[in-house]
Every structure is written in structure tokens, then in C-alpha cells.
Chemist: 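Would you mind keeping the following structure in view while I ask a few things?
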Amino acid sequence: MKIEKLLNWYHENKRDLPWRRTKNPYFIWISEIICQQTSVANAIPYYNRFVEKFPDVFSLAEASERDVLVLWQGLGYYSRARNLHQSAQIIVNQFQGEFPTQYQEILQLKGVGEYTAGAVASIAFDEKQPAVDGNVIRVLSRIFGMFESAVTASGKKAFKNKVMDLMKNTKPGDFNQALMEFGALQCTPQNPLCENCIFNLECYAFQNRAVADLPLKKKKISVKNRYFNYFVIEHTGGILLKKREENNIWKNLYEFPLFETDELIDISALQTLLQSKILKKIPFILSERLYYKKHKLSHQTIHADFYGIIIITDITKHAEKYGFLSISIPQFVQYPVSELIKTAFQTIFYEK
DNA sequence: AACGCGGGGGT
DNA sequence: ACCCCAGCGTT
């Protein structure tokens, strides 16, 4: 594989991405975290909003986690935002706000693994480190006929070694980005553009009709069903929210008060269960189902029912005991929520 | 090594 | 319906 050919291809075909206009390690870092498991097209508007609101590591460190999560809302994998915020505080407090310059230091940051440390070190500081992402695995698997799994320790080592070997005499930042960009634009997962590929004569997969078999497929994940019964508790001028604090989906995001069941439950059974287990001495009536959605994620399907609930006593007196937060309708946008809750809220309060 | 963690887009 | 996306942290 002639590296010169790859770099020429990159020079002619690379996209004009906002984070390619800077070598500021803070911006490079933000872009890499946002791009984790996220398609670039989806990442761009989030990146632009993020760096506008938090133009440097100090502004990010000083922000509340809640505000950071609001900006992350809809992007998914919210631990990225929590770790980003925490790492910004580490950079301010332990590195005097100076972004760490070496791979090994960058790797210590929360939410930064081998890929991201390699990407930031190579792109921002020209350190010779591999950045092996899904694109790189796909390109190398096909061109060199690598049948190693990318999840095993030996497989990871094989891909890193291959990159280190290839990048020996070139600028690491450009090389890593070129390889990734080639995977994103040319050597795509489905329907790669093999006919006009600059490497097709030497590509193992193309020459051996194995393009569809490489890279090795990941094991399929099982999808679990969950049943969320939400309660839309309105009172004078507002609604009640609760912060999700368990180590679970949507940690530290907000939602309506929730009662999860392990199977589908109808409104009368829910009324009974709620009375006996949760709202023991508080009289209430479940009125109607305001909204329903089957919210499908890659690893779980959430069957979400949203019920109106009328509580006879003044629920705000009990709100603290249940950890509820009383907010007005306009304040809703100040709280980070999942797409499910966002859609439900809009439907219930603005389309009824 | 396996699993949990979101949501969107392409086919 | 299935696959994949500039992966990481925890178990």
C-alpha cells in the first residue's frame, strides 16, 4: 500500500469539517468525543453548538453538568458528556488549564480510550500514535485480508501494529485522518466504491470477492423490552420531574415520575399497584393515557405510557420525599431529557 | 471477554 | 429488519 497515494487521495477528497480548521487540542478533543459512535453528519451541528457555548476548557469546567447535558440532548451515549465535563475540570485543576500534550496523559482523561488518545495526540500534537476506529478496521481488513476480530486483545494489537508500520515515514495526524476518511467515503460498510478505488488492484477483499465478508462481523446484541409507566402530574402552573440517578440508561437526565414494570400493565392494574406500593396513603386517580410510544434503541425497546394523574392532596408537599422537582412549563427546556421525554412533552403540552 | 450505553441514517 | 457509526467504562 503506497501511503503517498492515500495522502493524495485525502488531499483531493477530504471533507471540510469544522474541526479540521484548527489544531487546538481542546477543539480536537471535543470533536473526537462527539464523533464516538456517531456519524459525522449528525455530529457537526452538535460540535458547532458545543464550541460556541464552551469555547475553551475553562468555560466547560465552570458549567453545570446539567447545562452540558442540555447541549448533548439527542446525541445519545450521555456518559460522553458527563466524562467530558469531568475531564475539563481535571484539566483546569491538575494541568492548570493546559491541555495534556502526550498520548499517555491524554489517555488518563475520562472518556478517552486508546482510539481517542491516539487521534488527539496525532492530530493536535503530531505524536506517532495509531487511531484505530471502525473505519480503519474496515479498510485494513479488506485491503490486507486481515481476518482478526477487532474486539480481542490480539486483534486490536494486530490493527495497531499495522497502522504503526504504515505510518512510519509520514505525518501521523494526516495519515490517521486519511485512513479514516477513506473508510468513511470510499471503503464504506455497504456498497463500497471498489470500481474506482485507487487500491483495488492490490485489495485482498476485492481480488478475492470477500468485500462483504470483511471486516469480521460483530456479535449481534440482544434487545430487551422494558415497560415505562410515566406520570404527568400537573399542578398549579407546573409539572413534576425527577432526575435519573441510577447507573442505567439516561443517567442524570430528567423525566416524568416513573414506575417501571417488567411487563405490560393496564391502567387499572397500575392504579392498584401504585396505591399499594408507592402512593400508600395519598389518594389519587389515574385519568387517561396521554401518550404512548415504542421507543426503539439499539439495545432495548422501551414501551412508554404517559398517564395523567390527579392527586387529591397537594402533591408538592410530598415532592421532596419522592425526589421530585417542581418546574413550570417554560422551564422544561433548561433540563436535559431523552428524545422520548422530549417528544412526549411536546405532544402532551403543545399539541393537545 | 462480554455487556451496557442512544439515536440516527442507510439499505 | 438489520447494520453501522472518528468507542468507552464497568463487570
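Naming convention: chains lettered A, B, ... in sequence-line order (proteins, then strands); numbering from 1 in each chain.
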Chemist: Classify A:Val112 by what it touches in the nucleic acid, base, sugar-phosphate, or nothing, heavy-atom distance under 4.0 Å.
Modeler: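 If one applies the 4.0 Å heavy-atom cut-off, A:Val112 turns out to touch the sugar-phosphate alone, with no base involved.
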Chemist: With a non-hydrogen cut-off below 4.0 angstrom, is A:Ala131 in contact with a base, only sugar-phosphate, or nothing?
Modeler: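 Since no nucleic acid heavy atom lies under 4.0 Å of A:Ala131, the category is nothing.
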Chemist: Measuring from the side chain of A:Lys219 (C-beta onward, heavy atoms only), which nucleotide among B:dA2, C:dG7, B:dG6 has the closest atom?
Modeler: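 Of the options given, the side chain of A:Lys219 lies nearest B:dA2.
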Chemist: Could you check whether A:Arg21 pairs with A:Asp16 (Lys NZ or Arg NE/NH1/NH2 to Asp/Glu carboxylate O, under 4.0 Å)?
Modeler: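 Yes, charged N to carboxylate O under 4.0 Å.
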Chemist: Check every atom of C:dC5, C:dA6, B:dC5 against the side chain of A:Tyr115 and return the nucleotide holding the closest atom.
Modeler: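 Among the listed nucleotides, the one closest to the side chain of A:Tyr115 is C:dA6.
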Chemist: Check A:Arg82 with A:Glu65, please: is the shortest side-chain N to carboxylate O separation under 4.0 Å?
Modeler: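 No, A:Glu65 and A:Arg82 are not salt-bridged.
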Chemist: For the side chain of A:Lys217, counting heavy atoms from C-beta on, which of B:dC5, C:dC8, C:dC4 is nearest?
Modeler: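 The nucleotide sitting nearest to the side chain is C:dC4.
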Chemist: Classify A:Ser31 by what it touches in the nucleic acid, base, sugar-phosphate, or nothing, heavy-atom distance under 4.0 Å.
Modeler: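 Here A:Ser31 touches no strand at all.
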Chemist: Taking the ring of A:Tyr46 and the ring of A:Phe50, is the distance between their centroids below 6.0 Å?
Modeler: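 Between A:Tyr46 and A:Phe50, which both carry aromatic rings, the centre distance is not below 6.0 Å.
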Chemist: Is A:Ser298 side chain donor-acceptor paired with the B:dG6 base, going by distance under 3.5 Å alone?
Modeler: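 Yes, a donor-acceptor pair under 3.5 Å.
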Chemist: How is A:Ile137 classified with respect to the nucleic acid when contacts are heavy atoms under 4.0 Å: base, sugar-phosphate, or nothing?
Modeler: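 No contact at all - A:Ile137 keeps every heavy atom at 4.0 Å or more from the nucleic acid.
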Chemist: Measure from the side-chain heavy atoms of A:Ser338 and tell me the nearest of B:dG7, B:dG6, C:dC4.
Modeler: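 Between B:dG7, B:dG6, C:dC4, the one nearest the side chain of A:Ser338 would be B:dG7.
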Chemist: Measure from the side chain of A:Asn83, starting at C-beta and using heavy atoms only, and say which of B:dG6, B:dC5, C:dG9 lies closest.
Modeler: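 It is C:dG9.
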Chemist: Taking the side chain of A:Gln37 as heavy atoms from C-beta outward, which of B:dG8, C:dG7, C:dA6 is closest to it?
Modeler: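 Among B:dG8, C:dG7, C:dA6, the one nearest the side chain of A:Gln37 is C:dG7.
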Chemist: When we call it a touch if two heavy atoms are under 4.0 Å apart, what does A:Lys342 touch: a base, just sugar-phosphate, or nothing?
Modeler: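 Counting heavy atoms under 4.0 Å across all strands, no contact is made by A:Lys342.
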Chemist: As a test of reading the structure: which of B:dG7, C:dG7, C:dA6 is closest to the side chain of A:Tyr78, going by heavy atoms?
Modeler: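 Closest of the options to the side chain of A:Tyr78: B:dG7.
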Chemist: What's the closest nucleotide to the side chain of A:Glu339 if the choices are B:dT11, C:dA6, B:dG7?
Modeler: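 My answer, after comparing the listed nucleotides, is B:dG7.
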Chemist: Does A:Gly183 reach a base, just sugar-phosphate, or nothing at all? Heavy atoms under 4.0 Å.
Modeler: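 Result for A:Gly183 = nothing.
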Chemist: Which residue lies toward the 5' end of DNA chain C, A:Leu109 or A:Pro215, if each is placed at its nearest nucleotide?
Modeler: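 Nearest-nucleotide comparison on DNA chain C picks A:Pro215.
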Chemist: Let's see if you can work this out: which of C:dA6, B:dG8, B:dT11 has an atom nearest to the side-chain heavy atoms of A:Asn191?
Modeler: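 So the side chain of A:Asn191 is nearest to B:dT11.
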Chemist: Between C:dA6 and B:dC3, how many Å separate the two C1' atoms, rounded to a whole number?
Modeler: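 To the nearest whole Å, 22 Å.
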Chemist: For A:Arg244 and A:Ile249, indicate whether the former's side chain and the latter's backbone hold a donor-acceptor pair under 3.5 Å.
Modeler: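 The answer is yes, because a donor-acceptor pair under 3.5 Å joins these two groups.
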Chemist: Would you classify A:Asn176 as touching base, sugar-phosphate or nothing, given that sugar-phosphate means primed atoms plus P, OP1 and OP2, and contacts are heavy atoms under 4.0 Å?
Modeler: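 Nothing, no nucleic acid heavy atom in range.
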Chemist: For A:Lys296, which contact category applies under a 4.0 Å heavy-atom criterion: base, sugar-phosphate, or nothing?
Modeler: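 Answer is sugar-phosphate: A:Lys296 comes under 4.0 Å of backbone atoms only.
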Chemist: Which of these nucleotides, B:dG7, C:dA6, B:dC5, is closest to any side-chain atom of A:Gln177?
Modeler: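 It is C:dA6.
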Chemist: What interatomic distance, in whole Å, is found between P of B:dG8 and the corresponding atom of C:dG9?
Modeler: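 Taking atom P in both C:dG9 and B:dG8, they lie 24 Å apart.
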